[in-house]
Amino acid sequence: MKRKLSKTTGTMVALLMLVAMLGCISEEEKETPAPTATVKVGCVYPLTGNMASRGVASRQAVELAADIVNNKYPDLNLPLAASEGLPNLGGAKIELVWADTRGTAEEGRSATEYLIINEEVDVLMGCYQSAVTETASVAAEHYKVPFLNPDSAAASLTERGFEYFWRSSPIVTTWTQNIIDFYKDVNIKYGAGTLQTLGIFNEDSLWGMEASDWVLQKAQAAGFILVERITYSRDSADLSAEVLRMEQADPDWVFMGSYVSDSILYIKTMKEYGWLPKAAIGSENMAANEVVSTAGEDLEYFLALCLFPQDIASVRELTAEINDMAMEKYGTVFDDPAARAFTGLLLIADAVNRAGSKDKEAINAAFATTNIPGEQLILLWENISFDEKHQLKAGRYAIQQYLNGEWKTVWPWDSATATFVIPMPEWDER
Amino acid sequence: MKIGIDFFKEDRKKIWILLPLLALLVVPYIVGDEPYLLHVFIIVFVYIALGQSWNLVSGYAGQLCFATHIFFTYGAYTSLMLLLRIDLTPWVGLFVGMPISAGIAYLLGSRLFHLKGRYFAVATIAFAEIMRLVFLNWRFVGAAYGLSVPLKGPSLYYVIWTSKVPYFYIFLALAIISTLIVYVVDRSKAGMYFRSIKQDENGAQHKGIDTSYFKLLAFMISAAMAAAVGTFYAQYVLYIDPRTLMDLLISAKIVMIVLFGSIGTVYGPVLGAAILIPLGEYMRIKLGGGSQGWDYVLYGLIILLIVYYRPQGVYIMIKNQIESIRRRTKNVLKMSRN
Amino acid sequence: MDSAYVLQALINGIMIGGVYALIAVGLSIVWGVMGIVNFAHGDWLMLSAYFSWIFYMYAGLDPLISLPLVVAIFILFGFANYKFIMKRFIDAPIVISIVATFSISLIMRFGAFIIFKPDYRLIKDHVLEGVYRFGEFQVSRAKFATFLIMIAALLLLFSFLKYTKTGKAIRATAQDRDVAKSLGVNVDRIFLITWGIGLACVAVAGTMISTFFYVFPMMGISFLLLAFASVALGGFGSVHGAVFGGIVIGIVQQLGGALVYPAFKDVFVFVIFILMLMFKPKGLFGKY
């Protein structure tokens, strides 16, 4: 009995191990060496899982950017649009290689390592979610592959002292500061005391907690008083208790540290209870396409941060052109994170081009000297350049309010396309 | 001890275990520092170890537990917190996490073991969810921020390396030790008691077996094993947080892997993990990447098929197959001789 | 803390508790009669919500109108699910049936993900939009209607179980299968019907939920655990137990969240859940 047991198991296990090993190795051997006429950019994004819609949207943006670099678009004032491919590398084209993080940190790391080792990418970009970027970039750092992060907000990512990690996105300290600056301006413009107390809805992930912590810290530093902070779970089927409690605390303004679905649910629930603060602001998630399509007119008068305000297309030709291209190709314009991913790919192309080679050290050095002027950006930044921590220096957010079925920039006052409405009209007054 | 001696007495037959083990030992040297491949092996080892932990309490002692991932998390958090706060090496932190885990298992078990199968199972799920929400909001252990392992490597003291090879051996050792524990239990008197408790608890009690003692024992050992894996897992992934580690899907995966392999056997979990983990990774690469979720669908289908047609698990299925082939061959030989 | 606030939280709890009750009933009946813990229950909920949404999107049917249609479809699904899959697991060890239903759950969840994509779908402009206000309090029309329909459906079920021959056979089977068999009950047929009832209940819940909550592939999980707690509280196999359990769980959740600590609103539920299991595992009204 026992003898057969061991023999069987032994054979099985050995066979299995061999098969697993061979399977993975033969996978590798099938890889043909990439032609030198392409620069491989590994893209690490959540293509499946809860964040899949985000991953898909970013993918569309990145693919459009690659298309612009790889083909001739002489009329677009974007880096490398006029040429076909990368001129300093003999017209080499950008080849995008995608790997799915499934929205988890562990998968993100596996995906990154896969791209580095099996696909031999020259440079990486990703991953949208801060927790995933955290682990993915560790792998890149270990293998000394330049990693550009165009869309994660956790401040800690650029506090690690990494050599090969670059973040081309304003961080949580930037946009939370923008929120506070905005409300300080509101008090100046509309009279001190217009907004004094604050309530926070704090989604219980890393992102939510960090954002809420910063808003709180900066708000208190500016003299606002916290009356209620509610931590909640994004998977919650119902947010009545949270809204009820916030209504009870009755803050002047509310910060919603929420993702997309919970933002929608909050709006619905607030409507159900017929309650609104004087001003309610979310992060960039509030401006996501799904919120608009799902909440519809209930979204009126809510505020969001916007890195990529749609209405600036009316004053900015470049943005209008890209919007048109996106609309034609995908049936939708880019939202905030997609615009950053778009810009990120262009940034990568610019760096590789200036490096003049596919050597990772050269590319990494080129990142350090990036200086793309504001006119060549579809975003509202002054320029793209990095500080000594490899963090974007001159990022900036606009504050938008949803008015008459559209997001309108209301702050900074001088870039506004509409007047800020405060207080938010009650539900039954609309 | 006697069992140990028996093990080596049956030298020639054990070759079928020693051979693959030796093969495993040299894998890193054959494949080189191939991180993805090594990563797959490591995850296999992790799930073997966690699987054996679950196998012990649910397969042998019959107490259906869905909170293995929580004990796993306790180990990870305990050693990492000690590392971050008082610079204590995880090698020692390991031995703090294990007793804490076992202690909590004791508290939980002593209050809940009177529950029958499905009720106990569901209670462990509730316990797991409570823990997840607690950790998610508990600032002291980082709450939603999670904890990052300080990158002070490569270092034996800090259990951190840039290469995956040392981790390969550590997790291999964990897989071997956990299997060994189950092996010992399987052949020991305690194992016999576990089996009778599983089969018929009332009957066992009447026979004079202190069922509470043995159930708690199994549970505590299981919790300690899971915690040990957790300690090293934290040092491997370098970042832990409640959302990732305390996901019910992890326990579900453990259960499915062991069931697939053959629950209640020594080698079932080994087989289950060795087959399903690489298969899952392969499917993820081939299918999940572009087409969103096909790999999970296939995974679910495979498990459903096994549970439907061969619920005893693959290991026993293969064993039975081989036995019937032997019998038939023997009969054929016998007949041809006549 | 003013009493209006507490009262509103209480009302919320009762309303949402009705939803949990409806989901719990299906779970409870199957558990009580057949001894199977259906981990895919939440995903059947998700599927029925999608059906409701599909009928709305493509046939312009208001959920209230498509309700009977969805229920009918899911009774059939229930029969099929039992006949082709679950029948096998009737007397299987508990771990086997749990894993079986869990793999079905995975297939459904990610199958829905592939087919419908992860987008959150909402039914707007339906009959039940809006809110009822009375004094300082409000209840969303959709949730209120759900509550009423829950009561109606469960009264129906209760009478069915109590007064009809089949219903009595179901209760007999739940109590003692062998005795029922000896009395001439076709146990297999009873199981088939029970499973159909279980899914019918969840279909009512799913359709009604689609009127006030959004539909997405992973929505089942949020509800499943709360349904478990409701069943544990109310007792396995008992219809009025599930109602009681669901409403109590709803109240605990809402009051705990609004009055004590929102982050732990589910923790309160799970603690009650564990306490119930520790001290009264059969639930308050459970017979089996």
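Sequence lines set the chain letters: A, B, ... in the order given, protein chains first and strands last, and positions in each chain run from 1. Quick note: numbers below take in every heavy atom, side chains included, and nothing from hydrogens, waters or symmetry partners. This one's a predicted model, so the numbers in the text were calculated from it and none came from an experiment.
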| chain B interface, residue from C/Ile98, C/Ile104, C/Val269 that has the most non-hydrogen pairs under 4.5 Å | C/Ile98
| field | Heavy-atom side-chain contact between C/Phe273 and B/Ile130 under 4.5 Å | value | no
| task | For each of B/Ile302, B/Leu248, B/Asn137, tally heavy-atom pairs with chain C at distances under 4.5 Å, and name the one with the top tally. | result | B/Asn137
| Top contributor to chain C contacts, counting heavy-atom pairs under 4.5 Å, from B/Val255, B/Ile306, B/Leu301 | B/Leu301
| Contact origin within B/Leu133 toward chain C - heavy atom pairs under 4.5 Å | both
| request: Flag the pair C/Ile274 / B/Leu112 as yes when at least one side-chain heavy-atom distance between them is below 4.5 Å, and no otherwise. | output: yes
| task | Name the region of C/Phe89, side chain, backbone, both or neither, that has any atom closer than 4.5 Å to a heavy atom of chain B. | result | side chain
| said: So which atom in C/Val95 and which in B/Ile263 form the shortest heavy-atom distance, rounded to 0.1 Å? | reply: CG1-CD1, 4.3 Å
| field | Nearest heavy atoms of C/Ala100 and B/Leu304, plus distance in Å | value | O-CD1, 3.7 Å
| remark: Counting heavy-atom pairs under 4.5 Å with chain B, the top scorer among C/Phe268, C/Phe228, C/Phe102 is C/Phe102
| query | Using non-hydrogen atoms only, which part of B/Phe120 is less than 4.5 Å away from chain C: side chain, backbone, both, or neither? | reply | neither
| query | Do you know which two heavy atoms are closest between C/Trp31 and B/Arg118, and how far apart they sit? | reply | NE1-CD, 3.1 Å
| said: A quick test of your reading: do over 12 heavy atoms of other residues, nucleotides or ligands sit less than 6.0 Å from CE of C/Met278? | reply: yes
| request: Please state whether the side chain, the backbone, both or neither of B/Phe113 comes within less than 4.5 Å of a heavy atom of chain C. | output: neither
| What pair of heavy atoms forms the shortest contact from B/Gly300 to C/Ser103, and how long is it? | O-CB, 3.2 Å
| message | If you count every heavy atom of other residues, nucleotides or ligands that lies below 6.0 Å from B/Tyr106 atom OH, does the total exceed 12? | response | no
| field | Region of C/Val37 that comes under 4.5 Å of a non-hydrogen atom in chain B | value | side chain
| task | Look at B/Ala121, B/Pro311, B/Ser58, B/Gly62 and state which one has the largest set of heavy-atom pairs under 4.5 Å with chain C. | result | B/Pro311
| Among C/Ile85, C/Ile107, C/Leu106, which residue forms the greatest number of heavy-atom pairs with chain B at distances under 4.5 Å? | C/Ile107
| said: Keeping B/His114 on the side-chain end and C/Phe279 on the backbone end, is there a donor-acceptor pair under 3.5 Å? | reply: no
| What part of B/Ile125 is in contact with chain C, defined as an atom under 4.5 angstrom from a non-hydrogen atom: side chain, backbone, both or neither? | side chain
| task | Please round to the nearest 0.5 Å and tell me the distance separating atom CZ of C/Phe110 and atom OH of B/Tyr299. | result | 11.5 Å
| chain B contact via C/Val271 - which portion, at a heavy-atom distance below 4.5 Å | both
| Relative to chain C, which segment of B/Ala123 carries a heavy atom at a distance below 4.5 Å: side chain, backbone, both, or neither? | both
| Would you find more than 12 non-hydrogen atoms of other residues, nucleotides or ligands less than 6.0 Å from C/Arg88 atom CZ? | yes
| field | Part of C/Leu225 within contact of chain B (heavy atom distance under 4.5 Å) | value | side chain
